Amino acid sequence: MPSLNEIRSTFLNFFEKNGHRIVDSSPLVPRNDPTLMFTNSGMVQFKNCFTGLEKRDYVRATTAQKCVRAGGKHNDLDNVGYTARHHTFFEMLGNFSFGDYFKEGAIPFAWELLTKEFDIPKDKLLVTVYHNDDEAADLWKKVAGLSDDRIIRIATNDNFWQMGPTGPCGPCTEIFFDHGDKIAGGPPGSPDEDGDRFIEIWNNVFMQNEQFEDGSMRALDMQSIDTGMGLERIGALLQGKHDNYDTDLMRNLMEASAHATSSEIDGPGNVHHRVIADHLRSTSFLIADGVMPSSDGRGYVLRRIMRRAMRHAHLLGAKDPVMHRLVPALVREMGAAYPELGQAQALIEETLRLEETRFKTTLDRGLKLLDDELSGLPDDAALPGEVAFKLYDTYGFPLDLTQDALREKGREVATDGFDTAMAEQKAKARASWAGSGEAADATVWFDIAEKNGVTEFLGYDTEAAEGQILALVVDGAIAPKADGKVSIVVNQTPFYAESGGQVGDQGVIETETGSARITDTKKVAGVFIHIAELTSGEITKGQAARLIVDHTRRSAIRANHSATHLLHEALRRALGDHVAQKGSLNADDRLRFDFSHSKGLTANEITRVEAEVNDFIRQNTSVETRIMTPDDARGLGAQALFGEKYGDEVRVVSMGRLAGSNKGADKATYSLELCGGTHVKRTGDIGAFVAIGDSASSAGVRRFEALTGQAALDYLNAQNARLIETAAVLKTAPSDVADRVRALAEERKALANEVAQLRRELAMGGGAAGAPEIKEINGVKFLAQVVSGVTGKDLPALVDSLKEKIGSGAVLVVADTGGKAAVAAGVTADMTDKVSAVDIVKAAATALGGKGGGGRADMAQAGGADASKAAEAIAAAEAAIGA
Ligand code: SER
């Protein structure tokens, strides 16, 4: 009996043998189709290959595609667990031809695989074809030898497959297996076709048309093939089972669930194990593909599935979280075919454990409330919508979880009341937001958010994606098409909107009819606003658009943001635990980090911080992201912004490993921070880190500025070029520049001293103008001299030398400083009780047309307006001494 893993391989190998390229499954979040919540069939990744928009280097492909059907149009969540063939997660096996073979190739391949490789008895198979598809009917007759009664013509959409309201489509042929008359049910197209006797196992679509939004359809230039076979179904069939959950893989997961909950796999808990096994697969694969539980969009679908599984674990009597303990079993079963599962195992386990731990605290109380409410109602009455809303709002019960709980009791929720309560809550949120003082023109974004929901951000793991244009805003008002400067809102985007210090992304947005340059991205009320300028053609609301982030710029921003985390930790280690983030900027050209610290950093501290950051860059370890509650994150020691309000869940980014640490994983992590930004994959991607400044930002806050990657290299190169130029000017080698400059500085200082000395000597006349005569006034010796070619600054030295010359007495120097005058007086210490230099200088300054004068009794200085009055100044000084 082949296992599901073997059946998958047999399928892929068969088509590979027949010239097909085995292509990896695409992620569950479709990057190329904004209209889809999750990838729900094999052709999603190839949709543009059918219309000719995209060319690959192969024309035949085969895949095992991960698919999720929950939320959105194809929603199987409600039935999962209770039926034989419903799943939220399943694998679709497919073979594809892009303009290569058509019906004449597909039908023989299908027949050969089923009857030869899988060895299914021919007489158990029958097919349907679209009512007017004679070609397919004839081929079946010829290739498989099927009689007319086993080729059933169907005129409905069942045999005309469409990807969605628009896109490639065409007639299809479906292959059915007949379980025999021991099971009730009729062949396809018959009144009792819904019975379980005839099971569809494979759909082969003949892609030949494209459907447009206006209802028109065109014939495609090339004819292609898209087939889809659910692995679980064919697996059940080949393993002789009627129920997909009885296949080896599903059974092994259910065993793990039974083991973890110490319950019987086939007892009354069977349905719970089925739910758990299915939901374990969808939640784990979604997390591995980057979806995180949240209160909106894809994240909310994930949360709904997780919580539904958790309630079933609870019904099995599990006291502690269960789901995360089943992940190893899933990785064992499916990790070889889908390596992303193993790679994300830690993230999956932690996300499940967190969600379950948190939900457990309200699950009991919510279920009790539900029971109390039900016991107060007549037996068959629906649960009032307000109660379901309270369960949602206060206890975290998604509506379908409440419905699932009621299903066992044969009861329903009055959903109208739920919707009304939800609408009221939204109106309240809006009112309180409007009152929060935000700009009035921002209401347009709130309107958009309310109508379309928040924007889904895909930019953690992709820089290009398709989105659908939901709104265009020109001059603050909704507009039908873009014009000049325009703000564009799409349902999903890879563009990061400015927040947490990280600048918004730039790039381009293109539709079939036009393109625009995105110059910035911002976020209001959860709506991402792409601020753009139309560059060609026109862009209209409703169009599908391709959004491409400027890769070089984003890479530089990422490097700066990750470097900021390393810097934060390095500063804490170098300066102390008081270092807390006060602000930051992560732009493409630089990073800035403001932190609490009261004094400037020493050169040593800067060097140490810089070296440590570079050590962790070179360590080149991977940067990990996890989701947890703010409390758990703080418990792990993650750095959070003090006073910042965090939601229920936070992203925790960790990087760097401490050498030789034998502590747990989180204790051995160098940097652990709450952060919603985008980061490098490995620290080595930062390239290099160079500090360019430490300055005071505000009281008690320092600002550290740095460069990374190419910008750091450019900076160092420019510094180096300047050094080389300086060395050339100095006529020395770059390595000797410092010594050379030091020597020059010393030389300059000596020369300056010499010049000052010479100037003084020159000023004193060097004896040439005759030594000034010493007078004696009132018993005080007085010597006055008029000088020029000096400044006021030189006067004290001149006064000192005159004082020395007379030994005891008073001196006066009047300097001609180019028309104006400077004057200084000095009195030797033994004479200061007789006369004060201040009085002398004041008298002289007045005579020179100046005012004031200040200093001490032994030395005072002043200025004057007119140097030609030197003689009058000397006379005034003499008078002052004589007074
Ligand atoms: N696209 C078709 C389906 O989903 C065949 O793969 O059924």
Side-chain angles (χ1 to χ4, degrees), residues 7-8 11-12 14-15 20-26 28 30 32-33 35-51 54 60-70 72-76 85-103 105-107 109-111 113-114 127-130 133 136 154 156-177 188 198-211 217 220 222-235 237 244:
I7 295 167
R8 187 193 303 108
F11 185 97
L12 296 176
F14 171 78
F15 282 104
H20 294 66
R21 173 83 59 89
I22 301 181
V23 177
D24 282 345
S25 169
S26 65
L28 284 167
N32 65 345
D33 192 340
T35 61
L36 271 183
M37 185 121 201
F38 298 117
T39 302
N40 60 7
S41 66
M43 58 79 65
V44 168
Q45 66 166 314
F46 300 118
K47 76 163 186 169
N48 291 334
C49 300
F50 294 120
T51 55
E54 186 185 340
R60 295 180 178 198
T62 181
T63 61
Q65 173 67 48
K66 306 179 273 193
C67 297
V68 163
R69 290 191 180 172
K73 229 176 293 159
H74 301 278
N75 187 355
D76 287 343
R85 276 176 291 279
H86 277 105
H87 301 272
T88 54
F89 176 92
F90 64 98
E91 290 176 78
M92 190 179 270
L93 303 171
N95 57 294
F96 306 89
S97 147
F98 312 118
D100 189 39
Y101 62 83
F102 198 43
K103 299 174 192 179
I107 290 176
F109 278 145
W111 191 249
L113 178 82
L114 291 175
V127 301
T128 59
V129 295
Y130 197 45
D133 193 353
I154 304 272
T156 66
N157 285 348
D158 279 353
N159 275 65
F160 192 91
W161 195 86
Q162 285 187 278
M163 191 193 90
T166 60
C169 53
C172 60
T173 181
E174 295 186 329
I175 305 166
F176 285 73
F177 180 83
F198 296 91
I199 300 295
E200 183 217 325
I201 52 172
W202 200 352
N203 185 15
N204 278 233
V205 182
F206 309 128
M207 290 289 193
Q208 56 185 35
N209 303 97
E210 183 173 10
Q211 170 84 52
M217 202 181 267
L220 287 168
M222 57 187 202
Q223 296 178 319
S224 300
I225 292 294
D226 150 38
T227 86
M229 175 197 275
L231 174 62
E232 298 73 10
R233 260 185 207 204
I234 191 73
L237 184 83
N244 293 1

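None of the values given here were measured: they were computed from a predicted structure. Order of appearance sets the numbers: ligands from 1, and atoms from 1 within every ligand.
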*Asks:* Mind telling me whether Phe14 and Phe109 have parallel, tilted or perpendicular rings, with 30° and 60° as the class edges?
*Replies:* perpendicular
*Asks:* Listing by chain and number, which residues have a heavy atom under 4.0 Å from ligand 1?
*Replies:* Ser41, Met43, Met92, Trp161, Asn203, Val205, Asp226, Thr227, Gly228
*Asks:* Using 30° and 60° as the class boundaries, would you call the ring planes of Phe15 and Phe11 parallel, tilted or perpendicular?
*Replies:* tilted
*Asks:* Quick one: salt bridge (charged side-chain N to carboxylate O under 4.0 Å, His left out) partners of Glu210, sequence neighbours excluded?
*Replies:*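 Checked Glu210 against salt bridge (charged side-chain N to carboxylate O under 4.0 Å, His left out); matches are Arg218.
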*Asks:* Taking Ser224 for the side chain and Gly99 for the main chain, is one N or O donor matched with an acceptor at less than 3.5 Å?
*Replies:*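 Here the side-chain-to-backbone pair exists.
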*Asks:* Side chains of Gln208 and Pro171: does their closest heavy-atom pair fall under 4.5 Å?
*Replies:* yes
*Asks:* Between the main-chain N or O of Gly167 and the side-chain N or O of Gln162, is there a donor-acceptor pair closer than 3.5 Å?
*Replies:* no
